[in-house]
Amino acid sequence: MLNLRRAGRERVRRAPWIVSIYRTDTGKKYAMAISGVVLLLFVLGHMIGNLHVFEGAHGGTFRIDEYGEGLRDLGEPLFPRTMVLWAFLRIPLAAAFLIHIHAALALTRSNRDARETKYQSPRDYLAARYASRTMRWSGVIVLLFLAWHLADLTIGVEAVNPDFVRGSVYHNLVASLSRWPVWILYVAAQVALAFHIWHGAWSLFQSLGISNPRFNRFRRTFAHAFATVVVAGFLAVPVGVALDIVS
Amino acid sequence: MLDARIPSGPINEHWDNHRDSISLVSPANKRRFTIIVVGTGLAGASAAATLGELGYRVKAYTFHDSARRAHSIAAQGGINAAKNYPNDGDSIHRLFYDTVKGGDYRSRESNVYRLAQLSVEIIDQCTAQGVPFAREYGGLLANRSFGGAQVSRTFYARGQTGQQLLLGAYQAMMRQVDRGTVELHTQTEMLDVVVKDGRAVGIVTRDLVSGEIASHPGHAVLLATGGYSNVFYLSTNAMKSNVTAVWRAHRQGALFANPCYTQIHPTCIPASDEFQSKLTLMSESLRNDGRIWVPDRAGDTRLPGDIGESDRDYYLERRYPAFGNLVPRDVASRAAKVEVDRGKGVGPLANGVYLDFEEALRRLGQDTVRERYGNLFDMYHRITGESPYETPMRIYPAMHYTMGGLWVDYNLMTTIPGLYALGEANFSDHGANRLGASALMQGLADGYFVVPYTVGDYLAPQLGEGLVPSNDAAFVETERQVATRTERYLSIGGSRSVDWFHRELGKVLWEYCGMERTADGLRRAISDIDSLKEDFDRDLRVLGTSSTLNQSLEKAGRVDDFLQLARLMCVDALHREESCGGHFRVEHQTDDGEARRDDANFSYVAAWGWANGHEPILHQEPLTFDHVKPAQRSYR
Amino acid sequence: MHLTLRVWRQDGPGVEGRFETYEAAGIHQDMSFLEMLDLVNERLVTAGHEPIAFDHDCREGICGSCGLMIDGRAHGPQGSTATCQLHMREFSDGDTIVIEPWRATSFPIVRDLVVDRGAFDRIIEAGGYIGAPTGSAPEANLTPVPKETSDAAMDAAACIGCGACVAACPNGAGQLFTAAKVAHLNLLPQGQPERWMRVERMVETMEEYFGSCSNHGECEPACPKGISLDNIALMNRDYLLSKIRNRKLGGQR
């Protein structure tokens with residue numbers, strides 16, 4: 001009988017409980033789903049925060065600038081400034097990103113090993129949507145965008161956003177989005193994010209085994225609604241800039 | 001005269017007495033015995049699982065890529081058991097009685113009684129394994145009436161009962177594979193039994209992928225390789241089902257019993273053209289609610305919907321008012337043939353009769369009909385492109401099951417000591433005709449409950465004897481013969497494909513040894529088969545080599561054995577000057593066209609011995625009926 | 001009908017294969033797809049060429065032997081239909097039909113269109129059973145099973161093990177096959193004692209052979225028996241629980 005076991009897939013030595021679960025593909029899917037939930041909550045929160053842009057200025061400062069400062073001040077005076085932001089938002093978020101990406105890479109490799117020889121004729125997919133089949137590409141686009149976005153509006157790298165002024169969120173984003181290549185980049189990235197959420201926000205239910213025939217049809221509805229709301233919210237800002245509502 | 005070793009005492013104590021008196025192998029000694037199981041269908045898988053659990057070293061063989069693909073999987077309707085859950089008067093005795101009567105008084109009473117007793121345990125066993133039998137809303141098991149039974153004793157899992165029972169047995173066997181008690185060889189075809197000093201000591205196989213021919217020694221060999229309906233080319237059996245294992249055992253000295261007892265299933269989809277490769281069975285359960293009819297007038301080509309009630313002949317209801325559409329299979333089949341032969345056949349080739357659900361749809365509603373038969377209707381729709389919800393199904397009888405097989409005694413041992421036959425491969429408990437939903441019952445009874453006990457009786461005295469080594473002269477010689485035979489098919493270099501010969505053989509048998517047989521026809525068939533066999537040996541063309549997967553080569557061996565078996569079937573049918581069950585001799589019928597048995601002269605099992613190509617030698621096992629009085633079957 | 005077939009031919013495991021083109025004339029629309037191949041093979045033999053090897057047996061959609069990638073779809077264009085029950089009326093005169101074997105690392109090609117699906121057996125071996133030694137079973141009606149439960153178990157148990165789910169999956173994942181068996185047995189009361197061990201061993205064995213599930217959902221429409229994706233969710237849940245549950249408390253309710 002042929003030994004069909006895939007190379008490197010023999011059972012491995014004992015490991016701590018959580019690591020041993022993560023070592024399995026199914027465990028990595030849980031990790032992707034849970035980190036995905038964290039990231040979904042983040043994009044939702046971020047999107048809602050962005051809407052402060054439309055509140056304009058109040059007493060000489062833009063509302064969104066106050067909001068940005070507020071995030072840094074979270075927990076004060078109990079905790080030092082920015083500590084809560086780092087400990088409860090930025091670091092967990094970064095961890096979620098890293099886990100999501102690591103699991104994705106490992107699963108991609110596993111899936112590639114599972115079909116070493118591809119089909120030699122074109123496939124005719126019935127259910128696998130464009131969104132699901134392009135998860136890794138939409139993910140890569142979102143990741144590249146994230147790097148740009150951090151350099152552009154969080155860190156303020158000179159080469160990326162020469163007009164960056166620390167703390168002036170409103171000014172920075174108007175400066176950035178007024179350049180049309182950047183504007184296009186932001187809009188394109190949101191479209192990729194929409195596709196990614198479109199599949200991911202449904203897929204996580206399956207991966208975590210949250211299934212009940214009575215409610216299952218709402219899982220898709222939820223995913224589509226979530227993707228639409230988040231991305232519509234995000235797109236409002238560049239659209240606002242383009243229409244001069246935000247300037 | 002054959003001795004079936006039937007236990008003494010009252011029939012309801014035979015099995016208990018027998019179990020109490022036969023030798024046992026102690027748990028510690030079981031692992032010293034190697035048992036070979038060929039075939040992994042219901043009988044084979046259940047036997048392998050049970051023997052493995054008991055502690056024997058089991059080696060199981062299947063020519064499929066997985067044990068789960070055995071043809072038992074295709075059984076649709078259900079499995080009988082005398083549970084009497086519906087409280088409608090069923091009992092072990094009644095199941096026994098119905099089976100003997102349904103078999104037209106040509107089965108062995110003691111075996112049938114045991115089968116009826118064990119039927120109860122089979123349901124318990126399968127339920128514990130997780131077989132999802134149909135249930136009522138109260139959570140208890142559901143039953144239905146099936147194939148002419150007057151009680152509801154059939155357990156079923158939608159239209160896939162065989163599949164679920166087989167998966168249960170297969171899973172039990174795979175559990176033993178995991179535990180190391182069963183060694184499973186897939187894609188390995190048994191091509192001969194090895195006999196040394198009159199005992200079965202192992203088998204010779206061919207690896208279908210590499211072509212390697214190898215010997216496998218065992219203390220006992222169990223054949224569970226199914227029936228031989230495919231000798232007819234067109235049958236409801238799977239394409240690979242064949243007689244080779246059984247036939248090779250026969251040539252090694254095992255007697256072949258009642259080869260002419262073949263069963264035609266009344267409800268199959270008629271052939272649509274000459275390229276038809278197999279016939280698809282529609283579960284007999286359809287007859288519970290469907291009504292069978294043909295147009296009153298021969299050659300009526302109107303659409304069924306255009307033929308009014310007054311122009312229809314519900315011939316079964318007319319001829320058999322008590323049983324109506326639920327008469328036994330042989331009766332229903334022959335009745336259909338009568339109508340089609342009168343020119344009343346329906347469909348493009350005028351080769352079927354209608355099975356109409358119009359009345360059922362009206363009475364039960366589409367939802368209930370869908371619940372009961374949905375998957376069968378879908379299957380029919382896929383194959384024919386017609387929806388039975390809208391237009392009547394067309395059905396016609398097809399070869400389905402073979403009651404004949406290797407002769408076995410009460411222990412299921414053939415005339416070669418150490419060689420057993422289980423399930424459809426033996427001549428079985430069904431006499432001349434099998435009742436619906438009884439094949440699954442018999443396969444599982446043999447595998448789970450009978451052979452695991454009886455094989456111990458043979459093995460116990462051999463404790464301490466090692467296996468015959470695979471380099472023994474007996475193995476070497478058998479391997480050589482197998483290799484020679486295989487190479488010969490490749491070297492003939494003729495002009496006709498294996499399938500051509502198979503198709504021709506099927507035509508001859510269906511014509512002369514099918515639903516109706518005559519002495520003249522059978523003589524003609526024997527000479528046709530002889531000349532076809534000569535052509536086969538001279539004009540066969542098999543391409544490729546023997547060292548790779550070569551499906552034509554595999555088939556050549558199977559068709560060769562079919563050709564030899566077909567001749568024996570005709571010889572048996574010719575010798576049996578009576579009609580009984582599935583064997584209908586036109587010369588022997590009552591005035592109204594029913595089968596007429598000759599109990600005075602033919603109340604015996606005809607077990608044929610191989611004579612190296614000379615005329616086969618007849619051995620008889622007389623049948624006595626102490627509990628069920630033979631009577632002319634009547635379903636009026 | 002006159003058809004052009006492009007068929008994958010490969011002489012054995014691990015050797016180069018290629019598409020060969022065959023003209024199939026005189027095809028009747030009531031023929032099944034496999035009968036069409038039978039006819040092509042018959043003509044090939046007559047012309048002195050080796051016939052195309054393809055797996056098939058029952059030809060009524062239950063044994064799970066057949067399985068071809070037809071025009072990029074597992075089991076061809078008709079839904080809920082195994083290759084053997086596909087009929088030529090689904091095609092039109094003049095069509096070109098491309099036929100490939102299932103492709104997955106753990107389904108190695110044996111020859112032409114025949115693959116070895118032994119990996120499925122390894123998964124069943126690992127836990128796809130209820131340990132009920134012969135003779136030890138209690139009376140069948142001792143344990144009532146709600147009809148809905150029994151029906152759901154039957155829906156899952158309808159799997160024929162053909163491998164179309166793996167073949168159709170962009171990831172070459174065996175989730176639907178494994179989940180169907182896990183669901184069948186884990187739903188039933190009889191399957192409870194081995195529930196956690198079963199799902200754990202089956203999933204981990206599955207991962208030794210197959211890819212992971214991205215919830216594409218491609219397996220469900222490819223499945224000739226319409227096995228539901230819900231089973232995969234159920235398997236994922238039970239696998240997670242198998243890592244968390246205190247199994248010593250399994251006897252408590």
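Note on naming: letters A, B, ... go to the chains in the order of the sequence lines (proteins, then strands), and numbering restarts at 1 for each one. What you see below is based on every heavy atom in this structure, not just the backbone, and it leaves out hydrogens, waters and symmetry mates.
Annotation: side chain of M154(C) is not in contact with side chain of F133(B) (no heavy-atom distance under 4.5 Å). Residues D11(C) and T548(B) are not in side-chain contact: their nearest non-hydrogen atoms beyond the backbone lie 4.5 Å or more apart. Counting heavy atoms from C-beta outward, D273(B) and M31(C) have side chains that approach closer than 4.5 Å.
For the atom pair D121(C) CG and H64(B) NE2, the distance stands at 12.0 Å (nearest 0.5 Å). Considering CG of L86(C) and CD1 of I383(B), their distance stands at 11.5 Å, rounded to 0.5 Å. Note that the CE atom of M379(B) and the OG1 atom of T81(C) stand 11.5 Å from one another [nearest 0.5 Å]. Atom CD1 in I73(B) sits 8.5 Å away from atom OG in S65(C) (nearest 0.5 Å). Between Q129(B) atom CD and Y129(C) atom OH the span is 13.0 Å, to the nearest 0.5 Å. Between the CG atom of D38(C) and the CZ atom of F275(B) there is a distance of 10.5 Å, given to the nearest 0.5 Å.
The two atoms that bring H49(C) and L543(B) nearest to each other are O-CD1, 3.1 Å, heavy atoms only. L167(B) and A157(C) get closest at one heavy-atom pair: CD1-O, 3.9 Å.
The candidate with the highest count of non-hydrogen atom pairs below 4.5 Å against chain B, out of G131(C), A153(C), G12(C), G61(C), is G131(C). The candidate from Q163(B), Q160(B), K83(B) with the greatest count of non-hydrogen atom pairs under 4.5 Å with chain C is Q163(B). Ranking P51(C), S80(C), S136(C) against chain B, the residue ahead of the rest is S80(C), based on heavy-atom pairs under 4.5 Å. The residue among V45(C), N141(C), L188(C) with the most heavy atom pairs within less than 4.5 Å of chain B is N141(C). Each of M36(C), E50(C), E148(C) has some count of heavy-atom pairs under 4.5 Å with chain B, and the biggest count is that of E50(C). Counting heavy-atom pairs closer than 4.5 Å to chain B, the top-ranked of the candidates A137(C), A140(C), G128(C) is A140(C). Ranking G191(C), S32(C), P138(C) against chain B, the residue ahead of the rest is P138(C), based on heavy-atom pairs under 4.5 Å. Ranked by heavy-atom pairs shorter than 4.5 Å toward chain C, the options L54(B), L141(B), V131(B), T280(B) are led by L141(B). Counting heavy-atom pairs closer than 4.5 Å to chain C, the top-ranked of the candidates D499(B), V542(B), T384(B) is T384(B).
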message: Between H87(C) and R382(B), does the side-chain contact (heavy atoms from CB on, under 4.5 Å) criterion hold? Intermediate values first, please.
response: CA-CA 8 Å; H87(C) 280 68; R382(B) 269 197 295 275; 5.7 Å; no

- request: Show your reasoning for whether side-chain contact (heavy atoms from CB on, under 4.5 Å) applies to V114(C) and Q551(B).
  value: CA-CA 11 Å; V114(C) 179; Q551(B) 292 169 327; 4.1 Å; yes

- request: Evaluate the criterion side-chain contact (heavy atoms from CB on, under 4.5 Å) for residue pair T46(C) and R496(B); output intermediate values, then yes/no.
  value: CA-CA 7 Å; T46(C) 310; R496(B) 294 197 190 278; over 6 Å; no

Worked check of side-chain contact (heavy atoms from CB on, under 4.5 Å) between S277(B) and R59(C): CA-CA 9 Å; S277(B) 59; R59(C) 299 211 174 182; 2.8 Å; yes

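Applying the salt bridge (charged side-chain N to carboxylate O under 4.0 Å, His left out) test to D30(C) and every residue at least two apart in sequence or in another chain returns R89(C). With sequence neighbours left out, W500(B) forms a ring pair (Phe, Tyr, Trp, His ring centres under 6.0 Å) with no residue at all.
Between the side chain of Q171(B) and the backbone N or O of I124(C) there is no donor-acceptor pair closer than 3.5 Å. Between the side chain of E139(C) and the backbone N or O of D124(B), no donor-acceptor pair lies under 3.5 Å. In this structure, E42(C) contributes its side chain and S497(B) its backbone to no donor-acceptor pair below 3.5 Å. With hydrogens and angles disregarded, a donor-acceptor distance shorter than 3.5 Å links the side chain of R158(B) to the backbone of D151(C). R69(B) contributes a side-chain N or O that, together with a main-chain N or O of G161(C), makes up a donor-acceptor pair within less than 3.5 Å. Proximity of a side-chain donor or acceptor of R175(B) to a complementary backbone N or O of E125(C) within less than 3.5 Å is not detected. In this structure, Q125(B) contributes its side chain and A132(C) its backbone to a donor-acceptor pair below 3.5 Å.
A salt bridge is defined here as a Lys NZ or Arg NE, NH1 or NH2 lying under 4.0 Å from an Asp or Glu carboxylate O, and D178(B) with R122(C) fails to meet this definition. The pair E371(B)-K147(C) meets the salt-bridge criterion, with a side-chain N (NZ, NE, NH1 or NH2) lying under 4.0 Å from an Asp/Glu carboxylate O. K278(B) has a carboxylate O that lies under 4.0 Å from a charged side-chain N of E60(C), or vice versa, which qualifies the two as a salt bridge. Using a cut-off of 4.0 Å between Lys/Arg side-chain N and Asp/Glu carboxylate O, D57(C) and K240(B) are scored as not salt-bridged.
Both the backbone and the side chain of D65(B) have a heavy atom closer than 4.5 Å to some heavy atom of chain C. Proximity to chain B (any heavy atom under 4.5 Å) is shown, for H56(C), by both the backbone and the side chain. In this structure, no portion of I123(C) lies under 4.5 Å from any heavy atom of chain B. For a residue to count as touching a neighbouring chain, one of its non-hydrogen atoms must lie under 4.5 Å from one of that chain's; by this rule A142(B) does not touch chain C. For a residue to count as touching a neighbouring chain, one of its non-hydrogen atoms must lie under 4.5 Å from one of that chain's; by this rule D112(C) does not touch chain B. Contact annotation for E136(B): only backbone heavy atoms (N, CA, C, O) come within less than 4.5 Å of a heavy atom of chain C. With a 4.5 Å cut-off on non-hydrogen atoms, I160(C) touches chain B through its backbone and its side chain both. Both the backbone and the side chain of T50(B) have a heavy atom closer than 4.5 Å to some heavy atom of chain C. Only the side chain of H184(C) comes within contact range of chain B, with at least one heavy atom under 4.5 Å from a heavy atom of that chain. Only the side chain of Q78(C) has a heavy atom closer than 4.5 Å to any heavy atom of chain B. Neither the backbone nor the side chain of N186(C) comes within contact range of chain B; no heavy atoms are under 4.5 Å apart.
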